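Only one structure is covered here, and it is reproduced in the block below.
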Amino acid sequence: MSAIKKKMKLKPAFLLCFAPLCVQALWPIPKSLQTGSGLLKLSSTFDINILVTNPPQDLLDAVTRTKGFLKTDKLQRLVVGRGANDSAALAQAPSLSRLTLSLAPGSTVRPIATEAAEDVALRNEVYSLSVPSNGSDATIVASTTLGLFRGLTTFNQMFYDLQGITYSFEAPITIVNDAPVFPYRGFMLDTARHFFPVADIKRTLDAMSMVKMSTLHWHAVDSQSFPIEIPGFPELSQKGAYSAEETYSTADVQDIVKYAGARGIDVMVELDTPSHASAISNSHPEHVACAPGSPAVSGETRPPGGLRIATPATQTFAANFMAAIAKTLPSRLFSTGGDEVNVNCYTKDAQTQADLKSSGKTLDQAISDFVVMEQKALLAIGKTPVVWEEMAIDHNVALSNKTIVLVWHSENIAPVATKGLRFIHAHSDYFYLDCGGGSWLGNRPTLNSWCDPFKTWQKAYTFDPLANVTTAQKPLIMGGQQLLWTEQSSAENVDSIVWPRAAVSAEIFWTGATLPTGVARNVAEALPRLHDVRYRMVQRGIRAIPLQPTWCALRPHACDD
């Protein structure tokens, strides 16, 4: 018996189900929630009625999917006996025949996808949900179709299966004006280190939608490959992708964006520049300093090439290809990257040094001019520029005040906030999903990953979005995300490395610091609900990993210590 098993003290079964911990298996948990303990089954004729004039197609499709999930999830309760003790009472329980969706008077009817791609500070996801215990109609009321969709997601999570009967065990249920504390609740996927087929990205979007995530941050390109097709610049992907089969065509991109939008998810594409750009050298070597194989990059552990920031033609080139794809995307957000500028590369690159001497600029001035040109091109087409923290902190870039900054070092929260820039929490010490897998360098048998240890869901769940900011700076926080850099991940393990861990930030940034009971958000309360998320994901074909043995999942809190 392992030391861990010897130390484990299993609590007796009669301590397993204290209200509200044995109910409320919702994720993210609403800010306002009242539940009962009555059984309520879905009628065999259950239907969802849309009281919306000219409902958009994606709302109609969402209703169809919801009815399908209610029939096919077949998730049994996570209790000993899997709900068998409900059988006798369920036979006499009232039946719910209808859920009615309606928009508040005066609301504008727009597609879910349009609402999801709204300016990040203006998105409206508010909904109220009522499920009576006597079989009267359940209702969802919102001001937007996106709010209705979030309400449908919550409604789905309330129901379980027992011998073919779909039922809830906590009626009546009342949720009033549930809404996220922060609008940006994201997941970042890197598709450059490994290519991810469209089907796998869609499955990831399905999982994101289940927990009300709002944004896919698509880190589309990097040093290793350039798999995304840019309108007007086909050579970038033709020569920069791993192969012709490992490329996202314009049609693929639009398909992914449409699929995401219909599930309440905005897609923010990132084309990382000026560093992490080696793959561009395959088609445009004239624009890349320190291309792979260059004497200037001897000893580098990754393709280090960066765009020639001080060369006017390269500045124009970068701004043009950014705008070329950004204008085809509905999202207001577009990231130009900006992390880990390789200063050593530019110091050794003769062309960059000649351009700096000719212009009389310092390296940081050239970096600033380069980024500003990219940002102007994006602002001109109505986009909000997004950059990594280095552009705000390390290189004194003259960023537009509309810029949103991705912060991946906790110590840089305060400096970014002091500049008055909006930001997204993306911290490596809490939210990086790739940490703890060992080094990806081939001849370093004792080297760990740079961001060891593995970031457990418990560690991530303790994150405080308000740490290191003043009260006046709180409005600068747009939200946060968990991230998967894919040196050691691909389609084969994306589900298991991401889910259910990435659901953690979905709740942190939706619910905030306090549960609807008034108690501070905490790991002990969250675990039974996160179990429920994981098991429901598995029912829908998402290969999420278990958090504990099934024995523990069926006995909430028995394995806490």
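None of the values given here were measured: they were computed from a predicted structure.
Atom OG1 of Thr144 sits about 4.5 Å away from atom CG of Asn124, to the nearest 0.5 Å. Atoms OG1 and CD, on Thr145 and Glu125 in that order, are 11.0 Å from each other to the nearest 0.5 Å. The structure places CG of Leu483 at 10.5 Å from NE2 of His427, a figure rounded to the nearest 0.5 Å. Asn282 CG to Leu236 CG: the interatomic distance, rounded to the nearest 0.5 Å, is 10.0 Å. Leu363 contributes atom CG, which lies 6.5 Å from atom OG1 of Thr347 (distance to the nearest 0.5 angstrom). Remark: Met188 CE to Leu216 CG distance equals 9.5 Å, nearest 0.5 Å.
For the pair Lys459 and Tyr430, the distance from NZ or CZ to the six-membered ring centre is under 6.0 Å and the angle to the ring normal is within 45 degrees.
The main-chain N or O of Ala526 is never found under 3.5 Å from a side-chain atom of Arg521 such that the two would form a donor-acceptor pair. Of the possible polar contacts, one joining the Thr418 side chain to the Ala414 backbone as a donor-acceptor pair under 3.5 Å is found. Side chain of Ser214 to backbone of Arg185: a donor-acceptor contact under 3.5 angstrom is found. Proximity of a side-chain donor or acceptor of Tyr432 to a complementary backbone N or O of Asp452 within less than 3.5 Å is not detected. The closest donor-acceptor contact from the side chain of Thr191 to the backbone of Phe196 lies at 3.5 Å or more, if one exists at all. Using a distance-only test at 3.5 Å, with no hydrogens or angles considered, no donor-acceptor pair links the side chain of Asp222 to the main chain of Gln224. Side chain of Asp252 to main chain of Ser249: a donor-acceptor pair is present (N/O by atom type, distance under 3.5 Å, no hydrogens or angles). In this structure a side-chain-to-backbone donor-acceptor pair under 3.5 Å is present from Asn522 to Ala520. A donor-acceptor pair under 3.5 Å is absent between the side-chain atoms of Ser209 and the main chain of Leu205, judged by distance alone. No donor-acceptor distance shorter than 3.5 angstrom exists from the side chain of Thr511 to the backbone of Ile508, with no hydrogens or angles considered.
Ser275 and Glu340 form no side-chain donor-acceptor contact under 3.5 Å, judged by distance and modelled atom types alone.
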How far apart are the C-alpha atoms of Gln254 and Leu329, what are their side-chain angles, what is the distance that settles it, and do they pass the side chain to side chain contact (heavy atoms under 4.5 Å, CB included) test?
CA-CA 8 Å; Gln254 293 301 319; Leu329 303 171; 4.2 Å; yes
Before you tell me yes or no, could you show the steps for Arg203 and Asp495 under salt bridge (Lys or Arg N to Asp or Glu O under 4.0 Å), namely the whole-Å CA-CA distance, both residues' side-chain angles and the distance that decides it to 0.1 Å?
CA-CA 9 Å; Arg203 190 177 65 259; Asp495 289 12; 2.9 Å; yes
Take Ser225 and Glu246, measure what side-chain hydrogen bond (donor to acceptor under 3.5 Å, both in side chains) needs, and give me the verdict at the end.
CA-CA 10 Å; Ser225 75; Glu246 295 169 289; over 6 Å; no
Stepwise side-chain hydrogen bond (donor to acceptor under 3.5 Å, both in side chains) check, Ser331 with Asp266
CA-CA 6 Å; Ser331 179; Asp266 189 26; 2.8 Å; yes
One pair to check against salt bridge (Lys or Arg N to Asp or Glu O under 4.0 Å): Asp369 and Lys361. What are the steps and the verdict?
CA-CA 10 Å; Asp369 288 349; Lys361 295 176 182 178; 2.4 Å; yes
Determine, step by step, whether Met391 and Val405 satisfy the side chain to side chain contact (heavy atoms under 4.5 Å, CB included) criterion, reporting the C-alpha distance in whole Å, the side-chain angles of both residues, the deciding distance to 0.1 Å, and the verdict.
CA-CA 8 Å; Met391 294 293 96; Val405 180; over 6 Å; no
For the pair Ile413 and His425, evaluate side chain to side chain contact (heavy atoms under 4.5 Å, CB included) and give the outcome as yes or no after the intermediate values.
CA-CA 8 Å; Ile413 297 171; His425 289 297; 3.8 Å; yes
Does the pair Arg123 and Glu115 meet the rule for a salt bridge (Lys or Arg N to Asp or Glu O under 4.0 Å), with working shown?
CA-CA 7 Å; Arg123 294 175 191 166; Glu115 299 288 357; over 6 Å; no
Side chain to side chain contact (heavy atoms under 4.5 Å, CB included) evaluation trace for Val343 with His395
CA-CA 11 Å; Val343 173; His395 301 291; 4.3 Å; yes
Before you tell me yes or no, could you show the steps for Trp510 and Asp178 under side-chain hydrogen bond (donor to acceptor under 3.5 Å, both in side chains), namely the whole-Å CA-CA distance, both residues' side-chain angles and the distance that decides it to 0.1 Å?
CA-CA 9 Å; Trp510 179 285; Asp178 187 28; 3.1 Å; yes
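No side-chain heavy atom of Phe431 sits less than 4.5 Å from a side-chain heavy atom of Lys455. When side chains are defined from C-beta on, Val341 does not count as touching Glu390, because their heavy atoms never get closer than 4.5 Å. Counting heavy atoms from C-beta on, the side chains of Leu356 and Gln353 come closer than 4.5 Å. Proximity of Met210 to Val533: side-chain heavy atoms (C-beta onward) are nowhere separated by under 4.5 Å. Looking at heavy atoms from C-beta onward, Pro330 lies out of side-chain contact with Thr114 at the 4.5 angstrom threshold. By the 4.5 Å heavy-atom criterion applied to side chains, Phe334 and Ile381 are not counted as neighbours. Residues Leu476 and Val469 form no side-chain contact, since every pair of their non-hydrogen atoms from C-beta on lies 4.5 Å or further apart. Using a 4.5 Å cut-off on side-chain heavy atoms (C-beta onward), Leu547 and Pro500 make contact.
Taking all atoms of both residues into account, the shortest heavy-atom contact from Ala116 to Ile265 is CB-N, 3.9 Å. Phe182 and Gly479 make their closest contact through CB-CA, 3.6 Å (heavy atoms, listed as atom of the first residue, atom of the second, distance). Of all the heavy atoms in Val504 and Trp27, the pair that sits closest is CA-CZ2, 4.1 Å. Looking at every heavy atom in both residues, Tyr346 comes nearest to Arg308 through CE2-CA, 4.5 Å. Of all heavy-atom pairs between Val288 and Ala277, the closest is CG2-O, 4.1 Å. Across all non-hydrogen atoms, the minimal contact from Ile424 to Gly480 is CG2-CA, 3.8 Å.
Within a 6.0 Å sphere centred on NZ of Lys402, heavy atoms belonging to other residues, nucleotides or ligands number 12 at most. Within a 6.0 Å sphere centred on NZ of Lys202, other residues, nucleotides and ligands contribute more than 12 heavy atoms. Around the CG atom of Asp464, the shell of radius 6.0 Å holds more than 12 heavy atoms that belong to other residues, nucleotides or ligands.
Taking the six-membered ring where the residue is Trp, His219 and Trp485 present perpendicular rings, their angle passing 60° and hence far from 30°. The aromatic rings of His217 and Trp388 are tilted relative to each other, their planes meeting at an angle between 30° and 60°.
Between Phe195 and Tyr242, a ring centre-to-centre spacing not shorter than 6.0 Å is recorded.
For the side-chain hydrogen bond (donor to acceptor under 3.5 Å, both in side chains) with Thr314, the qualifying choice from Gln351, Glu286, His287, His284 is His287, the only one to do so.
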